[in-house]
There are 2 protein chains.
Amino acid sequence: MSVQTQDRSYRIGEVAERVGVTTRTIRYYEELGLLGTAAARTKGAHRLYTDADITRLEELIRLRDLLGLSLEELLELAEAEEARAALRDQFAESASDRERARIVKAARPLIERQLELVRARQQRLSEFADELSERLRSLDERQAELDWKREGGSRR
Amino acid sequence: MSVQTQDRSYRIGEVAERVGVTTRTIRYYEELGLLGTAAARTKGAHRLYTDADITRLEELIRLRDLLGLSLEELLELAEAEEARAALRDQFAESASDRERARIVKAARPLIERQLELVRARQQRLSEFADELSERLRSLDERQAELDWKREGGSRR
DNA sequence: TGCTTACTTGACGTTCACGTAAAGATACCA
DNA sequence: TGGTATCTTTACGTGAACGTCAAGTAAGCA
């Protein structure tokens with residue numbers, strides 16, 4: 001049923017390219033605590049990322065771009081989420097069912113919170129769209145009025 | 001039919017308060033060309049704004065906040081729109097019908113463009129919302145699975 | 001007419017979100 | 001076992017979008 005996520009690991013350059021940001025951005029986000037400082041390293045010192053890490057980064061970027069959240073706001077949102085994403089891939093190997101239940105439970109309110117933010121933004125955009133449509137309608141009305149006057153009405 | 005917009009004028013401080021920005025922001029926007037440098041002045045030198053100017057400013061702020069447009073992007077979007085908003089309030093007194101028709105015609109594509117941008121953003125947000133919902137669903141599924149195991153299953 | 005408040009134009013300062021360069025260590029590949 | 005591409009940290013630089021003085025002028029009011 002569940003597809004085993006092929007558990008390769010990626011170095012920062014590859015991650016950057018895949019996600020569409022620079023390595024600087026990734027390091028900066030780590031510096032801010034947006035990506036667990038826990039990102040594994042090679043025996044040397046090179047950072048190593050999992051598929052889960054990449055997913056998480058993409059998520060952050062999306063929240064940033066679509067909702068215009070500042071990195072500080074992202075941090076708030078993410079702080080509690082830390083554990084979740086970090087543990088997501090090792091979910092399969094995680095110890096007990098009690099542990100699993102805990103993780104699942106903890107993850108929910110965070111996604112809910114994100115969904116709330118998205119919904120709120122959708123609401124405001126919807127209002128904006130309505131206003132713009134209304135303006136188009138109003139313009140068309142004036143247009144028709146003028147056309148009518150110029151065709152049937154008095155010419156000066 | 002049309003309500004005569006009460007044609008008071010406002011000074012920068014009052015505008016700032018009403019719109020919810022600082023005077024600095026308003027001057028900065030003018031500096032960038034976002035607000036016609038034409039903003040009337042008193043015989044002295046104090047800037048004077050009309051209701052139309054305020055509406056326009058609010059619109060800019062909304063595009064900035066809801067779509068995350070940079071001021072430069074706003075400028076592009078607005079450049080052609082300049083005439084429209086500037087002339088909007090004096091529409092009633094504008095010279096000929098030919099002139100009015102011209103204004104109405106010029107206004108349309110700009111509003112259309114804004115609407116396009118809003119729609120695009122709505123689209124992306126919608127996709128995001130769907131993904132988040134899907135995640136919630138998936139979490140609930142796991143939750144149920146775990147609950148089932150813990151109740152009916154083997155205890156260790 | 002004077003007083004207080006609000007505005008004017010500079011001009012320098014600040015925060016955020018990275019960019020960029022330097023100097024060295026590490027990883028991979030022939 | 002080199003050589004080269006990729007990574008490491010450190011640190012200063014940068015553009016956008018304003019904030020914040022400072023010194024002077026204009027407006028509204030007793």
Side-chain angles (χ1 to χ4, degrees), chain A residues 7-50 53-54 56-79, chain B residues 7-50 53-54 56-79:
Chain A
D7 221 13
R8 302 187 35 192
S9 62
Y10 311 83
R11 299 197 322 209
I12 196 168
E14 198 175 351
V15 173
E17 193 177 2
R18 285 167 63 112
V19 176
V21 300
T22 68
T23 61
R24 174 65 170 116
T25 296
I26 297 180
R27 293 201 191 92
Y28 183 51
Y29 283 21
E30 177 184 320
E31 190 180 329
L32 294 186
L34 277 172
L35 307 174
T37 175
R41 303 285 183 120
T42 66
K43 353 164 206 175
H46 293 194
R47 290 170 180 81
L48 287 180
Y49 298 90
T50 69
D53 290 330
I54 294 184
R56 173 165 174 71
L57 179 55
E58 284 170 337
E59 206 174 306
L60 290 172
I61 301 289
R62 206 138 59 139
L63 287 166
R64 184 195 70 178
D65 290 350
L66 259 54
L67 297 186
L69 299 188
S70 71
L71 300 189
E72 197 178 333
E73 288 167 324
L74 281 181
L75 190 55
E76 270 183 68
L77 231 171
E79 241 153 21
Chain B
D7 220 12
R8 300 187 39 190
S9 62
Y10 311 83
R11 298 192 322 199
I12 196 169
E14 197 174 352
V15 173
E17 193 176 3
R18 284 167 63 112
V19 176
V21 299
T22 68
T23 62
R24 175 60 169 120
T25 296
I26 297 180
R27 291 199 192 94
Y28 184 52
Y29 283 19
E30 178 183 320
E31 191 180 328
L32 293 186
L34 277 173
L35 306 174
T37 173
R41 302 287 183 120
T42 64
K43 352 163 208 178
H46 292 194
R47 288 169 181 81
L48 286 180
Y49 298 90
T50 69
D53 290 330
I54 294 184
R56 173 164 174 70
L57 179 55
E58 283 170 339
E59 208 172 305
L60 290 172
I61 301 289
R62 206 141 55 143
L63 288 166
R64 185 195 69 178
D65 289 350
L66 259 53
L67 298 185
L69 300 188
S70 72
L71 299 188
E72 198 178 333
E73 288 167 325
L74 282 181
L75 191 55
E76 269 183 69
L77 230 171
E79 239 154 22

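Quick note: numbers below take in every heavy atom, side chains included, and nothing from hydrogens, waters or symmetry partners. Chain naming here is simple, since letters A, B, ... match the order of the sequence lines and numbering starts at 1 in each. It should be emphasised that the depicted structure is a prediction, and the values quoted were computed from it without experimental measurement.
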Pick out the pairs of N or O atoms, protein on one side and nucleotides 25-28 of chain C on the other, that lie under 3.5 Å.
residue	atom	partner	partner atom	Å
C:dA27	OP1	A:Thr42	OG1	2.6
C:dA27	OP1	A:Gly44	N	3.0
C:dA27	O3'	A:Arg11	NH1	3.1

Notebook entry, point to check: So do the side chains of A:Arg41 and A:Leu48 get within less than 4.5 Å of each other, counting heavy atoms only?
Noted result: no
Item checked: Value in whole Å for how far the C1' atom of D:dA17 lies from CD of B:Glu30 -> 16 Å
Note to self: Checking side-chain polar atoms at under 3.5 Å, does A:Arg47 have a donor or acceptor matched by the opposite partner on A:Tyr10?
What the structure shows: no
Note to self: List the residues meeting salt bridge (Lys or Arg N to Asp or Glu O under 4.0 Å) with B:Arg62, not counting sequence neighbours, and say none if there are none.
What the structure shows: A:Glu131
Margin query: From CG of A:Leu60 over to P of C:dA17, roughly how many Å is that when rounded to an integer?
Written below: 13 Å
Margin query: I'd like to know whether A:Leu35 forms a side chain to side chain contact (heavy atoms under 4.5 Å, CB included) with A:Asp53, so could you lay out the CA-CA distance, the side-chain angles of the two residues, the decisive distance to 0.1 Å, and finally the verdict.
Written below: CA-CA 8 Å; A:Leu35 307 174; A:Asp53 290 330; over 6 Å; no
Next item on the list: Using a strict 4.0 Å threshold on nitrogen-to-oxygen distance, state whether A:Glu14 and A:Arg8 make a salt bridge.
Entry: yes
Checklist line | From C:dT8, C:dC16, D:dT8, nucleotide with atom closest to B:Ile12 side chain | finding: C:dT8
Margin query: By the definition side chain to side chain contact (heavy atoms under 4.5 Å, CB included), identify the one residue from B:Leu74, B:Leu69, B:Leu75 that meets it with B:Leu71.
Written below: B:Leu74
Notebook entry, point to check: When the distance from CZ of A:Arg41 to P of D:dT6 is rounded to whole Å, what number comes out?
Noted result: 19 Å
Item checked: d(CD, B:Glu31; C1', D:dC18) in whole Å -> 11 Å
Next item on the list: Identify, between B:Leu71 and A:Glu14, the residue whose nearest nucleotide on DNA chain D lies closer to the 5' end.
Entry: A:Glu14
Next item on the list: Please list residues of residues 16-26 of chain A whose heavy atoms come under 4.0 Å from any atom in DNA chain C, ordered by number; otherwise none.
Entry: A:Thr22, A:Arg24, A:Thr25
Check: Closer than 4.0 Å, any side-chain N/O of A:Arg47 to the OP1 or OP2 of D:dT9?
Finding: yes
Check: Is B:Ile61 close to B:Tyr29 at the side-chain level, that is, under 4.5 Å between some pair of heavy atoms?
Finding: yes
Margin query: Can you tell me which nucleotide in C:dT8, D:dA16, C:dA17 comes closest to the side chain of A:Tyr28?
Written below: C:dA17
Item checked: B:Gly13 vs A:Glu72, nearer the 5' end of DNA chain C by closest nucleotide -> B:Gly13
Next item on the list: May I ask you to decide whether B:Arg64 forms a salt bridge with B:Glu59, counting only side-chain N to carboxylate O separations under 4.0 Å?
Entry: no
Next item on the list: To the nearest Å, give me how far apart CG (B:Leu74) and C1' (D:dC18) are.
Entry: 15 Å
Next item on the list: Starting from C1' on D:dT20, measure out to CZ on B:Arg27 and report it in whole angstrom.
Entry: 12 Å
Checklist line | Expected output: side-chain B:Glu73 to main-chain B:Ser70 donor-acceptor under 3.5 Å | finding: yes
Notebook entry, point to check: To the nearest Å, how far apart are A:Tyr49 OH and D:dT8 C1'?
Noted result: 12 Å
Next item on the list: Figure out the CG/P separation between B:Leu48 and D:dA26, and round it to whole Å.
Entry: 14 Å
